[in-house]
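Just below is one structure, and these are the notes that go with it.
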2 protein chains.
Amino acid sequence: MQNTEDIISRLSAQGLRITDQRKTLARLFAESPGYLSPKDVYDYMGKYYSGLSFDTVYRNLRVMEELGVLEQVMFEEGVKFKLHCREHDHHHHLICLNCGKTYPITYCPMEQTAVPDRFRVVRHKFEVFGYCEDCSEGDN
Amino acid sequence: MQNTEDIISRLSAQGLRITDQRKTLARLFAESPGYLSPKDVYDYMGKYYSGLSFDTVYRNLRVMEELGVLEQVMFEEGVKFKLHCREHDHHHHLICLNCGKTYPITYCPMEQTAVPDRFRVVRHKFEVFGYCEDCSEGDN
DNA sequence: GTATCTGCAAACCATTTGCATTCAG
DNA sequence: CTGAATGCAAATGGTTTGCAGATAC
């Protein structure tokens, strides 16, 4: 986990101006263990900034994603963001369907996967969805 | 692979009317080995129906997806469709980044994945992307 | 001071909906 | 014939863009 200051200084180091909104944004992601949709972010930010506009949220999410501070993942419900994993070794995630919190999985299935000679692998996606301890009321 | 008639009769069996467009749609998916975006479908269909509208394409894709004839997957670039796999055993796919063609992988990583006791797994996603034999010019 | 940020409005794109017409059964 | 399918136009929802005023540096 990175704290708010880490994120701020990375933004600053990249030449971005440190506005109040960006501080709040940094804090939000520093404190959120899981994925957030643009709407989640907008709703949270809206509590602190009355005149907040959606486009600024999008702009900042995009900028932070381009700088590698955030990472963006496509879910069935749409795009979501979280802090970019700083761990060096390749890993995957357990993702809670309720709170969006993620837990690393060190195991990578590519090692075991038999791929035809003729297929040149570029990347892969392995994600496990379910309910974390705190959210285990679930649906069925 | 299923042929056009199989698909048509499944649609018919479900009470749908067999229009020209749906026949063409069935043929398109029967002959396409990979994922197609709504736009791909629209472009293809457009060659045969001059007054074609996008909403009919969407409607038919959605209906066929609800009937289990098609399956829908979210990629970075958006939603895509292919024939729903009829194979009984659970499996995953190699997906060609160029032509969208898919190849089944029998291996399922969940068997090897250590999950914390407290996390209740509901579903998972494992996809391998790359270039198939025919598309191996690739990008790098 | 100056370039970057922000909010606003409007544009944009993909997707959905209502309705009148057409067509499969 | 009748209800379902289609095309059209318009609405919607999510996201992006242009521009003028506000703000970090």
Side-chain angles (χ1 to χ4, degrees), chain A residues 4-5 7-28 35-67 69-81, chain B residues 4-5 7-28 35-67 69-81:
Chain A
T4 312
E5 286 72 36
I7 301 170
I8 299 280
S9 46
R10 288 174 67 202
L11 293 178
S12 179
Q14 305 264 6
L16 290 194
R17 300 203 168 159
I18 305 309
T19 63
D20 256 27
Q21 278 197 40
R22 287 183 177 160
K23 280 184 204 154
T24 308
L25 203 48
R27 181 155 46 79
L28 170 60
Y35 288 94
L36 298 171
S37 68
K39 178 151 195 317
D40 293 336
V41 175
Y42 177 73
D43 290 343
Y44 177 87
M45 300 284 290
K47 291 189 294 192
Y48 301 90
Y49 305 92
S50 54
L52 182 69
S53 61
F54 235 117
D55 40 78
T56 306
V57 170
Y58 276 111
R59 266 189 291 241
N60 282 327
L61 289 174
R62 183 151 44 91
V63 168
M64 290 171 73
E65 199 255 333
E66 282 163 2
L67 259 46
V69 174
L70 296 184
E71 70 181 61
Q72 180 183 349
V73 177
M74 249 310 183
F75 292 96
E76 320 296 323
E77 329 84 62
V79 185
K80 298 196 174 185
F81 296 84
Chain B
T4 311
E5 286 72 36
I7 301 170
I8 300 280
S9 46
R10 287 174 67 202
L11 293 179
S12 179
Q14 303 265 8
L16 290 195
R17 301 202 167 161
I18 305 310
T19 63
D20 255 29
Q21 278 198 41
R22 287 184 176 158
K23 280 184 205 156
T24 308
L25 203 48
R27 180 155 47 78
L28 170 60
Y35 289 95
L36 298 170
S37 69
K39 178 151 195 320
D40 293 336
V41 175
Y42 178 74
D43 290 345
Y44 177 87
M45 300 284 289
K47 292 190 293 192
Y48 300 91
Y49 304 92
S50 54
L52 183 70
S53 62
F54 234 117
D55 40 80
T56 306
V57 170
Y58 276 112
R59 266 189 290 240
N60 282 327
L61 288 174
R62 184 151 42 90
V63 168
M64 289 171 73
E65 200 255 333
E66 283 164 1
L67 259 45
V69 174
L70 296 183
E71 70 182 60
Q72 180 181 352
V73 177
M74 247 311 183
F75 292 95
E76 320 297 322
E77 328 85 61
V79 184
K80 297 197 175 186
F81 296 84

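Here is the naming used below: chain letters follow the sequence lines, and residue numbers restart at 1 for every chain.
- The distance from atom CD of B:Glu66 to atom P of C:dT16 is 10 Å, rounded to the nearest whole Å.
- Taking only distance into account, the side chain of A:Asp55 meets the base of C:dA9 through a donor-acceptor pair shorter than 3.5 Å.
- Per the geometry, CG belonging to B:Asp20 stands 7 Å off P belonging to C:dA24, to the nearest Å.
- Along DNA chain D, the nucleotide nearest to A:Lys39 and the one nearest to B:Gly51 differ in position, and the one closer to the 5' end is contacted by B:Gly51.
- Side chains of B:Thr24 and B:Tyr44 form a contact here, defined as non-hydrogen atoms less than 4.5 Å apart.
- Between the side chains of A:Tyr49 and A:Thr56, no donor N or O sits under 3.5 Å from an acceptor N or O.
- The side chain of A:Thr19 has C:dT6 as its nearest neighbour among C:dT6, D:dC8, D:dA5.
- Two residues, B:Leu16 and B:Gly78, neighbour DNA chain C, and the one matched to the more 5' nucleotide by heavy-atom proximity is B:Gly78.
- Mapping B:Ser12 and B:Arg62 onto DNA chain C via the closest heavy atom, the residue that lands nearer the 5' end is B:Arg62.
- Scanning atom types as modelled, one donor and one acceptor separated by under 3.5 angstrom connect the side chain of A:Arg17 and the base of C:dA3.
- Considering only side-chain N and O atoms, A:Gln21 lies nowhere under 4.0 angstrom from the phosphate OP1 or OP2 of D:dT23.
- Counting any heavy atom pair closer than 4.0 Å across all strands shown, B:Ser53 reaches a base atom.
- Look at CZ on A:Phe75: it is 17 Å from C1' on D:dG14, rounded to the nearest Å.
- Contact check for A:Ile7 versus A:Met64: side-chain heavy atoms found under the 4.5 Å cut-off.
- Counting non-hydrogen atoms under 4.0 angstrom, A:Thr56 reaches a base of the nucleic acid.
- Closest heavy-atom contact between A:Arg22 and A:Ile8: O-CD1, 4.3 Å.
- Across all strands, A:Arg22 comes closer than 4.0 Å only to sugar-phosphate atoms, never to a base (heavy-atom distances).
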